[in-house]
Amino acid sequence: MDFDTQISQLAESLKKNTIKCRRDLHRHPESGWTEFRTACIVIKQLLSFGYDVKFGEDVLVNEECMGIPNDNILKENMQRAVSQGADPHLVEKMTGGHTGVVGIMDFATPGKTIALRFDMDCNAIIEAHEEKHRPFREGFSSINYGCMHACGHDGHTSVGLAVAEIIATLKENLSGKIKFIFQPAEEGVRGARGMAAKGIVDDVDYLLGAHLMKPKIGYLGYDVHGFLATNKFNADFTGVSAHAGSYPEKGKNALIAAANAAINIQAISRHSDGTTRVNVGMLNSGTERNVIPDNAHMEIETRGASSEVNNYMYSCAKRILKSCAQMYDVKVKITDEGSAASGNNSPEFSKFIYKIAKRLNIFNKLDTLQNIGGSEDCSYFMERVQAHGGQAAYLIIGASLTAINHNPYFDFDERALTLETILLSSIACELLKKRKE
């Protein structure tokens, strides 16, 4: 029996379990760096399949992680995870929000090393509780208030586990090594940098990521280009409050410093080497009309067609923030909250994926995406692999979404889970299959 037939049959046999897993994760969503229950499920499943499993600080550099919640929030989420069935001993080992997981399997025969990356976190969204929303109607909508899988990461994690089981089943026919990377905190592009910095993909020859998206089921975007590099950061201005009528000269107005920074950041010159973006998304300051504000909080992002162009925007924004603080004699603290590199598929790998997808004949539209327009921190893994001479690719899987990503009514056609499982398993097996001498 050939690989294609075996993989198709195995994926079909796992279909019910994959959907069951997806719905369980959907019902118990966890935001970035708090995926304690999800990570426990992943760890136990990978161990049961025979993988060498590393997690926590073994797979990330803490100093490179961004936007980790404070200790109180982490503790609350650890307790919630345990109350919802997570292994308390495993949860304890993830103290500090270290929820990344990597499953590794070395096959008996030497060969290539490949990695498949899956994100696990949810969005900070209150899920719709209406009959027209299928997860609510069928009883698997979120029970964690303010958290919702509104971007399909519950599906990604479930597919990752299904592919891991298929690969383990076929291991006697495979060579080399495979790594399954289950990444926390993709939302806000916070999680990949810390895992990439640990070197977990430095020996990888081929890296593959994928995302369930809006196109109808049967669509495959196999050649993705144009991920924008980005920096997400906060600026906190600190001045001196004073009575605005009696002693205005004694005050140092943090709001005016921040307002000037907001205006001037929008005026940064765009770069001739590629597309750029900048946005001040939040500015909060002040208490009442007759008090000179002593603090102001800003949330800002920059983006660029390349990491170099984005770095230009980011550097300009930081310079403006510091200059405005100096101009009004206040202090400013800039805190990085997330970032991603630019990213493009390796051309040869995209061609390889196209041939596999064509052969499988399970997609009715194979497409190239030359300008995806957003940011995704899988790009850190892609960039690192490509810098070491390897190849990387990112795929868009059509899932007939019921609403756009990050919407309270988000849901997808679960048939896409089986299609993605077959495709990723087939790509992996084609790369890892034993070659005749």
Side-chain angles (χ1 to χ4, degrees), residues 32 61 63-67 185-197 201 207 209 224-237 254 256-283 296-328 330-347 369-389 392 394:
V61 176
E63 294 74 21
E64 295 292 327
C65 299
M66 297 168 288
E186 187 280 326
E187 300 296 346
V189 288
R190 296 173 289 157
R193 190 173 79 172
M195 295 188 78
V201 298
L207 179 129
V224 175
H225 289 259
F227 280 123
L228 298 178
T230 187
N231 281 88
K232 322 287 188 185
F233 51 103
N234 296 342
D236 288 285
F237 291 83
I256 299 301
N260 272 272
I263 292 169
N264 282 281
I265 283 172
Q266 295 295 151
I268 296 172
S269 296
R270 300 308 186 251
H271 204 289
S272 60
D273 286 346
T275 299
T276 56
R277 302 279 191 273
V278 64
N279 188 55
V280 178
M282 179 184 291
L283 199 171
H297 175 78
M298 297 174 65
E299 298 190 4
I300 312 153
E301 69 167 23
T302 61
R303 299 182 196 246
S306 68
S307 295
E308 292 74 21
V309 170
N310 177 64
N311 287 339
Y312 156 79
M313 299 293 290
Y314 179 49
S315 297
C316 288
K318 289 198 297 181
R319 174 174 51 79
I320 290 168
L321 290 164
K322 292 174 182 178
S323 297
C324 287
Q326 185 178 15
M327 183 165 59
Y328 288 94
V330 301
K331 297 178 181 179
V332 65
K333 179 182 179 182
I334 301 170
T335 308
D336 290 323
E337 294 292 331
S339 68
S342 54
N344 296 299
N345 279 21
S346 301
L369 289 173
Q370 295 302 317
N371 184 13
I372 199 163
S375 303
E376 225 281 17
D377 66 354
C378 185
S379 58
Y380 274 125
F381 296 123
M382 296 172 69
E383 182 181 63
R384 193 145 178 146
V385 168
Q386 290 166 335
H388 285 87
Y394 195 88

### Message
Do V189 and S379 have side chains that approach each other closer than 4.5 Å (heavy atoms only, starting at C-beta)?
### Response
no
### Task
For R303 and L228, indicate whether the former's side chain and the latter's backbone hold a donor-acceptor pair under 3.5 Å.
no
### Task
Quick one: which residue pairs count as a salt bridge (Lys or Arg N to Asp or Glu O under 4.0 Å) with a foot in residues 224-235, not counting sequence neighbours?
K232-E301
#### Entry: Spacing of CG belonging to N234 relative to CD1 belonging to I300, to within rounding of 0.5 Å
7.5 Å
#### Entry: Y312 and T302: side chain donor to acceptor below 3.5 Å
no
### Query
Going by atom types alone, do N231 and N310 pair a side-chain donor with an acceptor below 3.5 Å?
yes
#### Entry: Minimal non-hydrogen separation, V224 against Y394, with atom names
CG2-O, 3.1 Å
### Task
Any pair with a residue in residues 373-389 that passes salt bridge (Lys or Arg N to Asp or Glu O under 4.0 Å), sequence neighbours left out, goes on the list, sorted by first then second residue, please.
R117-E376, R117-D377, D202-R384
### Task
Show your reasoning for whether side-chain contact (heavy atoms from CB on, under 4.5 Å) applies to S339 and Y380.
CA-CA 9 Å; S339 68; Y380 274 125; 2.5 Å; yes
### Message
To the closest 0.5 Å, what do you measure between CG (N344) and CD1 (I372)?
### Response
10.5 Å
### Message
Keeping S342 on the side-chain end and S306 on the backbone end, is there a donor-acceptor pair under 3.5 Å?
### Response
no
### Task
Identify the heavy atoms of A192 and C378 that sit nearest to each other, and give their distance.
CB-N, 4.5 Å
## Note on the structure
Between R190 and G338 the two heavy atoms that sit nearest each other are CG-CA, 4.1 Å
### Query
Under 6.0 Å from the CD atom of Q266, do we count more than 12 heavy atoms belonging to anything else shown?
yes
### Task
Output the distance between atom OH (Y328) and atom CD (Q326), rounded to the nearest 0.5 Å.
13.0 Å
### Message
Pair E64, M195 - check side-chain contact (heavy atoms from CB on, under 4.5 Å), show working.
### Response
CA-CA 8 Å; E64 295 292 327; M195 295 188 78; over 6 Å; no
#### Entry: I268 backbone acceptor or donor facing R270 side chain under 3.5 Å
yes
### Summary
Interatomic distance, NZ@K318 vs OG@S323, rounded to 0.5 Å, equals 12.5 Å
### Student check: side-chain heavy atoms of R277 and T230 closer than 4.5 Å
no
### Query
What distance separates I320 CD1 from S315 OG, expressed to the nearest 0.5 Å?
11.0 Å
### Task
Taking the side chain as every heavy atom from C-beta outward, state whether V201 and M382 have any pair of such atoms under 4.5 Å apart.
no
### Message
How close do T275 and V309 get, counting heavy atoms only, and between which atoms?
### Response
O-CG1, 3.9 Å
### Query
How many angstroms lie between SG in C316 and CD1 in I265, if you round to the nearest 0.5 Å?
10.0 Å
### Query
Run the side-chain contact (heavy atoms from CB on, under 4.5 Å) check on F237 and L283 step by step: do they pass?
CA-CA 11 Å; F237 291 83; L283 199 171; over 6 Å; no
### Summary
Here the pair of heavy atoms bringing A229 nearest to S307 is CB-CA, 3.7 Å
